[in-house]
Amino acid sequence: MKTAKQTKVNNRVRTVITCNECGATTFVKGSIHTKEALNAIERACKACQPVRTLNAVLGWWHEFG
């Protein structure tokens with residue numbers, strides 16, 4: 001679950017999204033009701049659930065030694 005707060009400074013809006021489980025923060029330009037902010041709120045937290053890459057990053061030659 002995530003919590004979002006909207007701040008306005010010098011005629012600019014910034015949304016701060018905080019994860020309730022780990023406390024990681026993310027910043028999004030724009031208000032809470034924009035498409036980018038809503039997608040970020042719905043998305044899983046990368047600090048809690050890190051992205052795992054496949055062996056494709058290592059290259060094919062690592063499989064053969």
Side-chain angles (χ1 to χ4, degrees):
M1 191 64 175
K2 295 182 181 179
T3 307
K5 293 182 183 178
Q6 179 177 318
T7 58
K8 185 174 182 180
V9 178
N10 294 335
N11 203 21
R12 295 185 187 258
V13 178
R14 187 177 195 184
T15 302
V16 179
I17 302 169
T18 307
C19 179
N20 294 339
E21 296 177 9
C22 67
T25 58
T26 305
F27 303 101
V28 178
K29 295 179 183 176
S31 67
I32 293 176
H33 301 293
T34 59
K35 186 176 181 180
E36 181 178 357
L38 291 175
N39 287 340
I41 293 169
E42 294 293 325
R43 188 178 319 138
C45 179
K46 290 186 180 180
C48 295
Q49 301 172 353
V51 178
R52 297 182 183 179
T53 58
L54 300 174
N55 290 338
V57 176
L58 297 175
W60 59 270
W61 57 90
H62 286 279
E63 294 180 11
F64 297 106

Practice task
Kindly indicate whether the side chain of I41, heavy atoms from C-beta on, has any atom under 4.5 Å from the side chain of I17.
Solution key: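 SC-SC contact between I41 and I17 confirmed.
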Where do [X] and [Y] come nearest, in terms of heavy atoms and distance?
X   : Y   : value
A44 : Q49 : CB-OE1, 3.3 Å
I32 : K5  : CD1-C, 4.3 Å
A40 : V28 : CB-CG2, 4.2 Å

Margin query: Just verifying a value: how many Å separate K2 NZ and C48 SG, rounded to the nearest 0.5 Å?
Written below: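 K2 atom NZ to C48 atom SG measures 8.5 Å (nearest 0.5 Å).
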Report task. Kindly compute the distance separating NZ (K46) from SG (C19), expressed to the nearest 0.5 Å. Result ->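 Reported to 0.5 Å precision, the distance equals 13.5 Å.
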Requested in this report: Name all pairs fulfilling the side-chain hydrogen bond (donor to acceptor under 3.5 Å, both in side chains) condition that reach into residues 9-30, sequence neighbours left out, sorted by first residue then second.
Outcome: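 Residue pairs passing side-chain hydrogen bond (donor to acceptor under 3.5 Å, both in side chains), neighbours aside: T3-N20.
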